[in-house]
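Computed from a predicted model, the values in this text were never measured in an experiment.
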Amino acid sequence: MKPLGCLINVQNFFAYMVAHSFGIRLVYPGSTALVQNTIGSVMTESRAKLIEKQGGRRGKLISADGNFIDTMLIDRRPKLNENGGGTGNILVVCCEGNAGFYEVGCMSTPMLLGYSVLGWNHPGFGSSTGQPFPDAEKNAIYIVMQYATTKLKYRTEDIYVFAWSIGGYTAINAAAMYPNIKGLILDATFHDIIPFGDKMMPSCLNGLMTYTVRNYINLWNSKYLQSYNGDVIFIRRTKDEVMNIDGVEDVKSNLGNLLIEDFLWTRYPQLFDKDSTKILSKRGKSDEFDALWQWIRSSDNSGRELLLRSWGYDEEWCMKEIETTQKRYPEWNLYIGREMESNQKVKMIAFFLSKYVVNYDSVHCTPLPSRYFRLPWHHDYDPSTASQHFSTTEDTI
């Protein structure tokens with residue numbers, strides 16, 4: 001046993017060195033001096049505009065590990081002498097990508113829509129200190145959420161967490177820590193970071209790469225998303241040159257696809273096969289999984305619409321099935337599909353795909369247009385608001 005222990009120690013030593021030298025910088029290039037020096041003047045100018053033109057309020061938070069986290073609040077709540085209501089009472093907490101900063105990142109989209117917005121920079125990005133390892137990221141988003149709910153006095157149930165790309169990791173952790181948030185909006189987010197390593201590293205180093213990632217940079221979003229039972233929406237960019245790892249035109253290789261699949265079969269397990277031994281992120285084998293992947297592989301809205309028609313998609317029937325199941329079971333999502341035939345399960349899967357997924361025909365770094373910033377579908381069925389909650393639009397199918 002002693003030689004084996006030595007081998008493990010050697011592997012761990014090399015994994016630690018890889019992660020703490022170039023590994024974390026490859027995963028988060030925004031933490032490097034090169035990137036920050038290149039756009040430093042742009043960040044300074046953009047930060048000044050947020051303060052001067054948008055009434056931004058900058059805050060410096062201290063996380064549990066001692067890192068300073070730089071934040072920016074755009075508070076759109078109505079003043080005491082103004083009428084209440086409106087989107088300003090809703091706070092959108094933004095989680096940036098691996099080379100994104102609140103000064104020049106995804107904050108702009110919810111700002112244009114009139115929401116209150118709270119941006120923050122990853123540890124080691126801009127004026128935030130530290131390095132963006134997973135524990136530091138979790139500590140950062142925890143203190144950001146604490147700041148939003150205690151100091152800024154936003155109600156948890158009035159907060160959406162919006163993430164772009166690798167920001168999905170911190171957003172999902174925020175949702176797990178604060179399960180009563182209004183919802184989670186994930187734009188161009190992947191299921192697991194391992195496939196990026198497989199693509200970038202020589203095959204002879206895959207073992208070391210996997211060990212390094214799992215022990216030091218384990219951004220396994222599918223796994224963590226299981227800890228959150230609230231509302232979610234996925235924005236999938238169909239021409240994403242980063243997420244489509246087999247080529248920009250190959251939407252079936254988009255690393256968000258497995259995130260969507262894992263989410264659906266863990267949240268609605270009775271719609272898929274009953275094999276409890278399935279491994280997370282390994283696609284299942286059944287007619288229901290085949291139908292799901294037919295939809296996922298389709299590269300345009302017309303192809304997805306054709307599939308829905310061929311499956312006999314019936315939104316009214318789906319709504320009634322949800323309502324019936326909710327009346328019988330408080331945790332209805334675990335039981336929906338229990339007494340359905342395979343073709344009925346496929347109809348229900350199609351329904352959920354239309355509610356949980358927005359397809360945006362664009363590349364990875366294009367700022368998200370406001371018309372694609374969709375709020376998550378809410379699960380509760382209320383007949384009086386059915387047309388609002390279950391409406392279908394062209395962009396979501």
When you group the ILVMFWY residues by side-chain heavy-atom contacts below 4.5 Å and let the links chain together, are W317 and W377 in the same group? yes
Determine, using the 4.5 Å side-chain heavy-atom cutoff (strictly less than), whether V104 and W164 are members of one ILVMFWY cluster. no
Ionic contact status for [Y] with [X], cut-off 4.0 Å:
X    : Y    : answer
D246 : K199 : yes
R297 : D290 : no
D187 : R237 : yes

For residues 237-258, which residue pairs qualify under ring pair (Phe, Tyr, Trp, His ring centres under 6.0 Å), counting only residues two or more places apart or in two chains?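 Passing the test, one end in residues 237-258: no pairs.
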Residues 231-260 vs ring pair (Phe, Tyr, Trp, His ring centres under 6.0 Å), sequence neighbours excluded, gives F234-F263
Apply the side-chain contact (heavy atoms from CB on, under 4.5 Å) test between T325 and each candidate in I336, L334, N333; give the one that qualifies. I336
Qualifying residue for side-chain contact (heavy atoms from CB on, under 4.5 Å) with L186, from N221, I172, I233, V161: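 Among N221, I172, I233, V161, the one that satisfies the side-chain contact (heavy atoms from CB on, under 4.5 Å) with L186 is I172.
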Test item: [X] and [Y] side chains (from C-beta on) under 4.5 Å apart, heavy atoms:
X    : Y    : result
M348 : F352 : yes
L152 : L73  : yes
T170 : W120 : yes
L292 : L264 : yes
L118 : Y154 : no

Test question: given the 4.5 Å side-chain rule for I, L, V, M, F, W and Y, name all other residues clustered with I62, or answer none.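 Listed partners: F68.
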Taking ILVMFWY side chains as joined if any heavy atoms are under 4.5 angstrom apart, and letting links pass through other members, which residues group with L34?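 When side chains under 4.5 Å apart are linked, L34 ends up in no cluster with other residues.
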Any residue meeting side-chain hydrogen bond (donor to acceptor under 3.5 Å, both in side chains) with Q54, in chain and number order, not counting sequence neighbours: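 Only R76 meet the side-chain hydrogen bond (donor to acceptor under 3.5 Å, both in side chains) criterion with Q54.
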Could you list the residues that satisfy side-chain hydrogen bond (donor to acceptor under 3.5 Å, both in side chains) with S128, not counting sequence neighbours?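 Partners of S128 under the side-chain hydrogen bond (donor to acceptor under 3.5 Å, both in side chains) test: none.
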Kindly say whether [Y] contributes a backbone atom to a donor-acceptor pair with the side chain of [X] at under 3.5 angstrom?
X    : Y    : value
S116 : N89  : no
N37  : A33  : yes
T210 : G207 : no
T87  : G114 : yes
S298 : R304 : yes
R236 : V357 : no

Got a sec, which residues hit ring-ring contact (aromatic ring centres under 6.0 Å, His included) with Y102, two or more places apart in sequence or on another chain? none
For Y329, check ring-ring contact (aromatic ring centres under 6.0 Å, His included) against everything at least two apart and list the hits.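 Scan of Y329 (ring-ring contact (aromatic ring centres under 6.0 Å, His included), adjacent residues dropped) gives Y335.
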Using the salt bridge (Lys or Arg N to Asp or Glu O under 4.0 Å) rule, collect all pairs that involve residues 51-64, keeping only residues at least two apart or in two chains.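 Listed by first then second residue: R58-D70.
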Pair listing, salt bridge (Lys or Arg N to Asp or Glu O under 4.0 Å) test, anchored in residues 93-115, at least two apart: R47-E103
Measure the acute angle between the ring planes of [X] and [Y], then classify it against the limits of 30° and 60° as parallel, tilted or perpendicular.
X    : Y    : value
Y142 : Y178 : tilted
Y268 : Y356 : tilted
F162 : F373 : perpendicular

My understanding is that only one of W220, Y169, F196 makes a ring pair (Phe, Tyr, Trp, His ring centres under 6.0 Å) with F190; could you say which?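 Answer after filtering W220, Y169, F196: F196.
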Going by atom type alone, with no hydrogens or angles, which donor-acceptor pairs under 3.5 Å involve a side-chain atom of residues 238-245 and a protein atom two or more places apart or on another chain?
residue: T238; atom: OG1; partner: D361; partner atom: OD1; Å: 3.0
residue: K239; atom: NZ; partner: D361; partner atom: OD1; Å: 2.9
residue: D240; atom: OD1; partner: V242; partner atom: N; Å: 2.9
residue: D240; atom: OD1; partner: M243; partner atom: N; Å: 3.0
residue: D240; atom: OD1; partner: H364; partner atom: ND1; Å: 3.1
residue: D240; atom: OD2; partner: H364; partner atom: ND1; Å: 2.9
residue: E241; atom: OE1; partner: H364; partner atom: N; Å: 3.0
residue: N244; atom: OD1; partner: N254; partner atom: ND2; Å: 2.8
residue: N244; atom: ND2; partner: T238; partner atom: O; Å: 3.0
residue: N244; atom: ND2; partner: V248; partner atom: O; Å: 3.0

Can a side-chain donor-acceptor contact be found between E261 and W293 if the only test is distance below 3.5 angstrom?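 Yes, side-chain donor-acceptor contact under 3.5 Å.
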Aromatic ring proximity, centroids under 6.0 angstrom, F133 and Y216: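 Aromatic pair excluded; centres sit 6.0 Å or further apart.
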Return all side-chain donor-acceptor pairs below 3.5 angstrom for residues 15-30, not counting sequence neighbours, or 'none' if the list is empty.
residue: H20; atom: ND1; partner: Y16; partner atom: O; Å: 3.0
residue: S21; atom: OG; partner: M17; partner atom: O; Å: 2.5
residue: S21; atom: OG; partner: V18; partner atom: O; Å: 3.4
residue: R25; atom: NH1; partner: H20; partner atom: O; Å: 3.3
residue: R25; atom: NH1; partner: S21; partner atom: O; Å: 2.3
residue: Y28; atom: OH; partner: E137; partner atom: OE1; Å: 3.4

